[in-house]
Number of protein chains: 2
Amino acid sequence: MDEQPQLAVSTVIFSLRDSELWTPLVRRIRQPFRDRWALPGGWVQPQEGLEATAARKLLETTALDPTYLEQLYCFGDIGRSPSGRVVSIVYWALVRPEQAELASDGENVRWFRADALPGLAFDHNRIVEYALWRLRNKMAYSSIAHGLLGETFTLAELRGVHEAVRGTTLDPANFRRQALAGGSIVPTGEHLVGASHRPPALYRYVDDALVDQGPLLVSASIRED
Amino acid sequence: MDEQPQLAVSTVIFSLRDSELWTPLVRRIRQPFRDRWALPGGWVQPQEGLEATAARKLLETTALDPTYLEQLYCFGDIGRSPSGRVVSIVYWALVRPEQAELASDGENVRWFRADALPGLAFDHNRIVEYALWRLRNKMAYSSIAHGLLGETFTLAELRGVHEAVRGTTLDPANFRRQALAGGSIVPTGEHLVGASHRPPALYRYVDDALVDQGPLLVSASIRED
DNA sequence: CCAAAAGTGTTAGGCTTACACCCATGC
DNA sequence: GCATGGGTGTAAGCCTAACACTTTTGG
């Protein structure tokens, strides 16, 4: 038992369906926790970056291509896996509704409502809990909602994302003003057609509407030596 | 080169001296980057939690006992160490001024101004940069300043911490009101004696003034299986 | 008494909230 | 025309920033 810890990468994935947050899980096909649901993931490869591993395993196991991917936390408690010491670097991802439609349920992949998960393998319930907290937090001060929407969207759709994640209802008038004042979305000039009632204007995010991750994203230019 | 990545833990430490942020670094005594300054740290031990490793190495190499310790980020780019793949789980810590006084400079430990570091080993400049960003961010919305102060303090001292970290000067009158309105500090009833001018009241943080880390801190009670 | 920092009062402006109201479309 | 969601207007209340002012000490 004195071997080096094993290094894993897992990802919590969120998508919106019917104004609810859903997350895909994979069925474990070996011990420990065989047949239990768990976060998609795999072992770190020597010649592959951590985020690249997260993206690759996500694609391999769930066929999803995320619009947003960020490191969540590194979990390394000694008791978290019964089979020996495992340190998991966990990412969290957002995927668009169209994506989620494509990657439907299968024998070994199933979507669950994010706030009503079954008992998962390892400490994965706790991890999803934390990812949800992070998503809700970030929703309040960033343009992260972008990751859950299509390229263009109405203000009602954008508001729907916020309402679903925050679990509250928001005043349409005030939401509109705040969203537009933020400066990260602009009208496309088009209007949504085919629906009942007055056709709403379509918007899109401006190109440089990056989610604030601090100096990490511009890291390459910071190195001094 | 196809071996498993090595797992390291490092810590960025901040303390306040002369209204400036300082950070202690250790001199590397072996290759790679021999004789360069680097973050204190060490390898993950099979039977020791990550945070425990951070605290232990911090004590061993710099003799410091932090008042605050939180995971910062996990760095795992493939090119970050010339000697092979190393994944570093980095923590950041705050220590009180008295502590920092005790742990003075030595042959292999030296304090630097956090915003004027030399060229460090590995990607450690980038890491400190990110830790600074996180500290500044957290200072704005939490009671993290607690970690840089003694048990009791005047409002001028508390304001000094905010001014030093944020790099701005703050209106004493408004700062006072906001600090007291927050509800996380209370007057001790004592006053600072010996100084010139009117003796300022002393304050302390209320016991439950925990810094918000989301569901991570209460994690033990969340596990469902 | 004077200088300087502690501490209080007051006002203007900005942002949020609540809600009244008009607009444009499908049926 | 009428129901419904899209979109605009507006006033009250809260929070912040700016700064005048009073208080209390050491010298």
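Quick note on labels: first sequence line is chain A, next is B, and so on, each numbered from 1. These numbers come from a predicted model, not from an experiment. We use all heavy atoms of the structure for the numbers below, so side chains are in, but hydrogens, waters and symmetry mates are not.
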Residues forming a side chain to side chain contact (heavy atoms under 4.5 Å, CB included) with B:Leu59, sequence neighbours excluded: none
Listed partners of A:Asn108 passing side-chain hydrogen bond (donor to acceptor under 3.5 Å, both in side chains), at least two apart: none
Distance in angstrom units between A:His191 NE2 and D:dG5 P, rounded: 19 Å
Strand-adjacent residues in residues 173-182 of chain A, judged by heavy atoms under 4.0 Å from DNA chain D: A:Ala173, A:Arg176, A:Arg177
Residues which pass ring pair (Phe, Tyr, Trp, His ring centres under 6.0 Å) with A:Trp37, listed by chain and number, not counting sequence neighbours: A:Phe112
Residues 67-74 of chain A side chain polar contacts: donor-acceptor under 3.5 Å, at least two apart:
{"unit_1": "A:Thr67", "atom_1": "OG1", "unit_2": "A:Leu94", "atom_2": "O", "d": "3.1"}
{"unit_1": "A:Thr67", "atom_1": "OG1", "unit_2": "A:Gly147", "atom_2": "O", "d": "2.7"}
{"unit_1": "A:Tyr68", "atom_1": "OH", "unit_2": "A:Glu70", "atom_2": "OE1", "d": "2.2"}
{"unit_1": "A:Glu70", "atom_1": "OE1", "unit_2": "A:Lys138", "atom_2": "NZ", "d": "2.8"}
{"unit_1": "A:Glu70", "atom_1": "OE2", "unit_2": "A:Arg134", "atom_2": "NH2", "d": "3.3"}
{"unit_1": "A:Glu70", "atom_1": "OE2", "unit_2": "A:Lys138", "atom_2": "NZ", "d": "3.3"}
{"unit_1": "A:Gln71", "atom_1": "OE1", "unit_2": "B:Cys74", "atom_2": "N", "d": "2.8"}
{"unit_1": "A:Gln71", "atom_1": "NE2", "unit_2": "A:Tyr91", "atom_2": "OH", "d": "3.4"}
{"unit_1": "A:Gln71", "atom_1": "NE2", "unit_2": "B:Cys74", "atom_2": "O", "d": "2.9"}

Qualifying salt bridge (Lys or Arg N to Asp or Glu O under 4.0 Å) pairs with a residue from residues 87-98 of chain B, counting only residues at least two apart or across chains: B:Arg96-B:Glu151
Test side-chain hydrogen bond (donor to acceptor under 3.5 Å, both in side chains) applied to A:Arg56 - qualifying residues, sequence neighbours left out: A:Glu48, A:Glu60
B:Asp171 CG to C:dA6 P, straight-line distance once rounded to whole Å: 13 Å
Pairs satisfying side-chain hydrogen bond (donor to acceptor under 3.5 Å, both in side chains), at least one member in residues 13-24 of chain B, at least two apart: B:Glu20-B:Arg113
Partners passing side-chain hydrogen bond (donor to acceptor under 3.5 Å, both in side chains) against B:Glu190 (at least two apart in sequence or in another chain): none
Qualifying residues under side chain to side chain contact (heavy atoms under 4.5 Å, CB included), relative to A:Pro40, sequence neighbours excluded: A:Ile13, A:Val26, A:Thr61, A:Thr62
Backbone of B:Leu120 reached by a side-chain donor or acceptor of B:Asn125 within 3.5 Å: yes
Of residues 154-166 of chain A, the positions that come close to DNA chain C - non-hydrogen atoms, cut-off under 4.0 Å: none
Set out, line by line, the N/O atom pairs under 3.5 Å between protein and nucleotides 23-27 of chain C.
{"unit_1": "C:dC23", "atom_1": "O2", "unit_2": "A:Arg198", "atom_2": "NH1", "d": "3.0"}

